[in-house]
Number of protein chains: 2
Amino acid sequence: MAAAHLGRTSRSAGGGRPRPTLEQVAARAGVGRGTVSRVINGSPSVSDRTRAAVEAAVAELGYVPNGAARALAAGSADAVALVVPETETKLFAEPYFSGILRGVSAELADSSMQLLLTLIRDEHERDRFAQYAAARRVDGVLLVSVHADDPLPDQLVESGMPAVLGGRRSGTETVPYVDSDNVDGAQIAVEHLIGRGRRAVATITGPLDMYVAQCRLEGHRAALRAAGREEDERLVAHGDFTEEGGKRAMRELLERAPEVDAVFCASDLMASGARLALREAGRGVPADVALVGFDDSAVARHMDPPLTSVRQPIEEMGRAMVRTLLGLMARERDSVSGGAGGVGGTGGGGINAAGGTGGTTAQAVRRAAAGSVVLPTELVRRGSS
Amino acid sequence: MAAAHLGRTSRSAGGGRPRPTLEQVAARAGVGRGTVSRVINGSPSVSDRTRAAVEAAVAELGYVPNGAARALAAGSADAVALVVPETETKLFAEPYFSGILRGVSAELADSSMQLLLTLIRDEHERDRFAQYAAARRVDGVLLVSVHADDPLPDQLVESGMPAVLGGRRSGTETVPYVDSDNVDGAQIAVEHLIGRGRRAVATITGPLDMYVAQCRLEGHRAALRAAGREEDERLVAHGDFTEEGGKRAMRELLERAPEVDAVFCASDLMASGARLALREAGRGVPADVALVGFDDSAVARHMDPPLTSVRQPIEEMGRAMVRTLLGLMARERDSVSGGAGGVGGTGGGGINAAGGTGGTTAQAVRRAAAGSVVLPTELVRRGSS
DNA sequence: GGCTATCATGGGAGCGCTCCCATACTTGAT
DNA sequence: ATCAAGTATGGGAGCGCTCCCATGATAGCC
């Protein structure tokens, strides 16, 4: 019997550094295990004398609590993951992630949670992460840029893992999310173009299998309706959020409807592509055609002329995601059961019906049961419109 | 006594999903705990019948092993961290990280390790991560873009955590690393310029408190020496790896030494800045001044004219880092002690004394005890030189 | 047919914590 | 002085695994 134990002990006993345990710290400080634990975790019910003694022992021994043991006993991992189901190429290309990351980090700064960024590029990596999460190596998960058919969010929620989406997958999103008011943003943009006297306002959409693209198109339409104009399918071209796609779409528009004098692009990158196509066609911006983008990214500022664009509060979205997640985690923690967990959808349905140009904001900010949030967008006016 | 237990059990018992344990799977399958463990971990000594029964039970119950318990019992976390001590802004701006990340992920693909990306922007975050690592939440750490005065690598090594650097901090790096042959790369670049008949070959260096910048400057000098030319301090300007810094440095050079007809820039970004300053001064590239950069990044290809640049095998560096790390981890694992762990420096000293233009490669590839690696660089010739 | 390798299996012990109950010691009000 | 109501503290139990020893079963050998 003793041998069984010896075999394992010798392994670590042979190592260079001792890696002390709670028990050893306790012995060193002349107190009980529980007391050391209390000190480590900042419990108030420890006398100053004792606390000092323990802290001294911890310092002398260079004690660091074993995370696995802690996680096992306490049932929490002290870490949250930010999952990006994209290639690193895309991750590094889109300024969106940088903003989200900044917000997330900032909001997480004064928690003791470790943030883990995880890229998921294929099924294999997805499964591995699902496993990791199911094994409770993290306490919560933030997901951004999730595609409509990605099963991961549901898998996570089903396994009881608190999760928050950055951006909905559809109008009937069931997982708690933080999103920006894409419909309203698009509507403001197009109303702006109409307000500047533009007659033939076209749009270049994103890929319509993405909800965000649907929303922006919906906003475009809503603005036209509000202005009493008819929708003209000739003035709707489809892109894929890339520069190249924008260029192609713009060429289409020029060919199909040469009278076009304004274009609302569902992303700055596409606007940049449109700009190229316009230059190619000898059309001036904004003289001949006014241009508005979406995202207010760096490219918008660097374009010539600088691009009017719809700004979404990306950093704030990151922060809101964290707040929502921490809320879910707290609920999960102290609920003896919480019924089906923090799942419950927002109950929302269809595209968020944004109202007027500015009035929407107030109501839109907070939504629904799960703590999901929709943040307002804003138009940044520059030379292109 | 029973109450103590009840209190805790009820917490999870009340939850929606049961979250079965090994023991329950064992009961379900009608086998012992050990057997289930064996099946989970793919031990060969399980009969097919039993294995099938266990697998069925696992599937029925939706069993997923608890990571914390596993980590505690087995002493490994099944995860490695990639640490980037930079702001997200820089992370996303430099294509370097994207390449490293690609290589790291690829090499890690068929291990079961989860990769965790961690940004460290301030001391607070550094301490938090150090804590996380000391708590053994990861089995190994990869660090890139580490500044010379960063204590983290040493902290990690000291706490017995396997760690590998991407890029040395100095010529006497004590932590295992993977680096590219910066001296040789710079030397090739400058030899190329000299070979093209350029007479006044200047250089724009990186920040000289970074070893990589020192190496590239050293390569520049080595090439001049090899060509029997004198070093002219007027032809050395200092940048900071940014575009703006490169522009400033180029202006200085033009003022100080108007006869300059070639510039080796220690980064593509600085070369891009230099290009701007040259255009500003009405100097043509390569007609008046030949330009060479370093990194062979996207900007190099997009410049006008396209930039000749020194390519480092970034992705391969990422892969090599992982291989080295896995090696260290294996050593750590099965060594009953391994003496002082995997620390042992490379014993190297001073700047890697690269020899001839191409001959170096072979010897340079593998170095030193700890498994540290220096990979060769290569010149990609384009229109700018 | 008896005896020793081999194989599959069960389950004890322990990983290093947290939780919480019980205990011992205070302090203050009666 | 006496008892109630804290306040600090010690330590048992248990978290869910892995490891490894012992055991029972099966097969192979002289």
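As the structure is a computational prediction, the values presented were derived from the model and not from experiment. Just so we're on the same page: letters track the sequence lines, and every chain starts at 1. All values below were derived from every heavy atom in this structure, side-chain atoms included, with hydrogens, water molecules and symmetry-related copies excluded.
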Where do A:Arg323 and A:Glu316 land on the salt bridge (charged side-chain N to carboxylate O under 4.0 Å, His left out) test, with the steps shown first?
CA-CA 10 Å; A:Arg323 281 195 296 268; A:Glu316 178 54 25; 2.6 Å; yes

Less than 4.5 Å apart, any side-chain heavy atom of B:Pro85 and any of B:Leu152?
no

For B:Asn41 and D:dC19, what is the distance between atoms CG and C1' respectively, to the nearest whole Å?
11 Å

Could you walk me through whether B:Asp154 and B:Arg169 satisfy the salt bridge (charged side-chain N to carboxylate O under 4.0 Å, His left out) test, starting with their C-alpha distance in whole Å, then the side-chain angles of each, then the deciding distance to 0.1 Å, before giving a yes or no?
CA-CA 11 Å; B:Asp154 297 303; B:Arg169 288 170 299 170; 3.1 Å; yes

When you measure only distances, ignoring hydrogens and angles, does the side chain of A:Arg33 come within 3.5 Å of the base of D:dG12 through a donor and an acceptor?
yes

B:Phe97 to B:Val144 - nearest heavy-atom pair and separation
CE2-CG2, 3.7 Å

Check B:Val141 against B:Met161 and note the closest heavy-atom contact, atom names and distance.
CG2-CG, 3.8 Å

Under 4.0 angstrom between B:Ser45 side-chain N/O and C:dC7 OP1 or OP2:
no

Without decimals, in angstroms, what is the distance between A:Arg136 CZ and D:dC17 C1'?
16 Å

So, under a plain 3.5 Å distance rule, would you say the side chain of A:Arg38 forms a donor-acceptor pair with the base of D:dG10?
yes

In which ranges does DNA chain D form stems of 3 or more consecutive Watson-Crick or G-U pairs, distances under 3.5 Å?
C:1-30 with D:1-30

Rounded to whole angstrom units, what separation is found between the CD atom of A:Glu23 and the P atom of C:dG14?
13 Å

Only pairs at least two apart or in different chains count here, so list each salt bridge (charged side-chain N to carboxylate O under 4.0 Å, His left out) that has a residue in residues 56-77 of chain B.
B:Arg28-B:Glu60

If we ignore angles and hydrogens, is there a donor and acceptor under 3.5 Å between the side chains of B:Arg121 and A:Ser105?
yes

Neighbours of DNA chain D within residues 47-72 of chain A, by heavy-atom distance under 4.0 Å
A:Ser47, A:Thr50, A:Leu72

Contact under 4.0 Å: B:Ser37 side-chain N or O vs D:dT18 OP1/OP2
yes

Got A:Val80 and A:Leu325 here, is their nearest side-chain heavy-atom distance under 4.5 Å?
yes

